[in-house]
Amino acid sequence: MTAHTPTPQALAQAAGVLRAGGLVAFPTETVYGLGADARSASAVEGVFALKGRPAANPLIIHVLGAVEARALVDWTPEAAALARRFWSGALTLVLPKAPDCPVARAACAGLPTLAVRAPAHPVARALLRAFGGPIAAPSANRSGAPSPTTAQHVLDDLGPDAPLTLAAGRSTIGLESTVLDLSQGQPAILRAGAVTAQHIAECLGAEAIPMADTRAGAPRSPGLAHRHYTPRIPVRLRAYEVRPGEALLAFGSTRFMNAGAAAAVANLSEAGDLDEAAANLFAHMRALDRPAHAGIAVMDIPQVGIGVAINDRLARAAE
Ligand code: TXA
Ligand code: MG
C-alpha cells in the first residue's frame with residue numbers, strides 16, 4: 001500500500017471504504033488515526049485485530065463538533081464550556097454514553113462511558129464530512145509501537161496490512177490528545193496532552209485532578225493499564241552524560257554533554273522549544289531505537305506546559 005494525497009477523489013474513496021465497513025488511516029493534528037465506522041461492530045473489531053489491541057481498551061470516537069457529540073454522550077455544561085474553548089482540537093472528553101447512542105459496544109469496550117474528540121486537522125474534518133458519521137479511531141500504530149506522526153510511520157508499522165492511508169505530512173502537535181474524564185464528579189486528566197491541566201482549570205474555574213493523583217487510585221482509563229510504547233533498548237531519563245554505546249535524545253543545547261561520544265544524536269529542539277520537542281518526540285524515538293545502540297540517554301525536559309505530556313510518554317517508554 002502507498003499513501004494517498006487527500007484529493008476530493010481520495011476522500012470520497014476513503015468515505016466509501018468506511019461505509020463498506022473497512023478501515024482508513026488518516027492524519028490528525030495530534031497523531032495519525034486508524035478509523036472505522038463507530039456504529040459498525042465488525043468494522044470496529046477490524047481495528048482491534050489490525051492493531052493487536054486488547055479488547056478491553058476502548059477507542060476514541062471522532063466527530064465534527066459538539067452537535068455531533070451530543071448525539072452520542074450525555075452532554076454537560078462543563079463539556080459545553082470545554083468544547084467551546086478547545087474544539088476542534090487536542091482534547092478528548094469522557095462522558096456517559098447517551099441512552100440511544102449508536103456507537104458499537106466493542107468501540108467503548110462495553111463501558112458505560114464514551115471518549116469523544118473533534119479533531120482540528122482539515123483532512124480529518126474533510127473525511128468526517130464526506131463520511132457523515134462518527135469515526136472510531138485509535139492511533140494507527142501496532143499496539144506497543146509509538147503513535148505514528150507521519151503516513152510513512154503507519155506504512156512501516158502495518159506493512160502489507162496497512163489500509164487506505166491518507167497522507168498529509170507530519171502531525172503538528174505530535175502527541176496524542178489530552179483525555180479528560182467528566183463522567184465522575186471532579187474532572188480527571190487520564191492522559192496528558194497539549195491541552196494542559198492549567199488550560200482546563202482556567203476554562204472551568206476548577207482544578208482538574210492532575211495525572212499522578214489519578215494513577216494512584218483505581219485506573220479510570222483502561223488504556224493506562226495496557227502495554228504502551230517501550231523501545232527495544234533501555235531508555236535512561238534525565239541523563240547529563242552519554243555512556244558508552246548510547247544514543248542521545250537531546251533537548252536544547254548539548255554544550256555541557258559529551259555528545260561527541262554518542263552512537264547517534266537526535267535533538268528534540270535545539271532552541272529548547274517544548275512544542276517543537278513534542279512534534280519530534282515519536283519520530284526521534286523511532287529513529288534512535290536501533291539494536292546497535294546500547295540504549296537511549298534522554299536529556300532533562302522541563303515539567304511545564306506540554307513538557308508534562310512529553311515526560312509522561314518518556315516515563316512510559318523507560319518503564
Ligand atoms: O490524539 C488522539 O487521541 C489520537 C488521534 C487519532 O485522535 N487517538 C488516540 O487513540 O490516541 P488511542 O486509542 O491510541 O488512545 C485512546 C485513549 C486510551 O488510553 C483509552 O484507554 C482512552 O483513550 N479511552 C477511550 N475511551 C475511554 C473511556 N470510555 N474511558 C476512559 N478512557 C478511555
Ligand atoms: Mg494509541
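Order of appearance sets the numbers: ligands from 1, and atoms from 1 within every ligand.
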Output yes when [X] and [Y] qualify as a salt bridge under the 4.0 Å nitrogen-oxygen rule, no when they do not.
X: E202; Y: R85; answer: no
X: E45; Y: R105; answer: no
X: K51; Y: D161; answer: no
X: R236; Y: E246; answer: yes

Heavy-atom distances under 4.0 Å decide this one: backbone, side chain, both or neither, for [X] against ligand 1?
X: N57; answer: side chain
X: H121; answer: neither
X: L111; answer: side chain

Output the list of atoms in ligand 1 that are nearer than 4.0 Å to some heavy atom of [X], sorted by atom number.
X: E176; result: 1 (O), 11 (O)
X: L190; result: 31 (C), 32 (N)
X: A115; result: 25 (C), 26 (N), 27 (C)
X: H62; result: 5 (C), 6 (C), 7 (O)
X: L59; result: 25 (C), 26 (N)
X: S139; result: 8 (N), 9 (C), 10 (O), 12 (P), 14 (O)

Within 6.0 angstrom of R129 CZ, more than 12 heavy atoms from elsewhere
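Enclosed: over 12 neighbouring heavy atoms sit under 6.0 Å from CZ of R129.
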Counting heavy atoms not belonging to R70, are there more than 12 under 6.0 Å from its CZ?
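No, CZ of R70 has 12 or fewer neighbouring heavy atoms, counting only those of other groups under 6.0 Å.
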N/O/S atom of S139 under 2.8 Å from the Mg ion (ligand 2), yes or no?
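Short answer: yes, at least one N, O or S atom is under the cut-off.
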N or O pair under 3.5 Å between [X] and ligand 1:
X: S177; value: yes
X: T113; value: yes
X: T30; value: yes

Would you mind telling me which of T149, D157, T150 makes a side-chain hydrogen bond (donor to acceptor under 3.5 Å, both in side chains) with R286?
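Only match with R286 under side-chain hydrogen bond (donor to acceptor under 3.5 Å, both in side chains): D157.
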Does the plane of the ring in F26 sit parallel, tilted or perpendicular to the ring in H62? Use 30° and 60° as the thresholds.
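Perpendicular, since the angle between the ring planes exceeds 60°.
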Heavy-atom closest pair, residues V242 and N258:
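Nearest pair, atom of V242 first, then N258: N-OD1, 2.7 Å.
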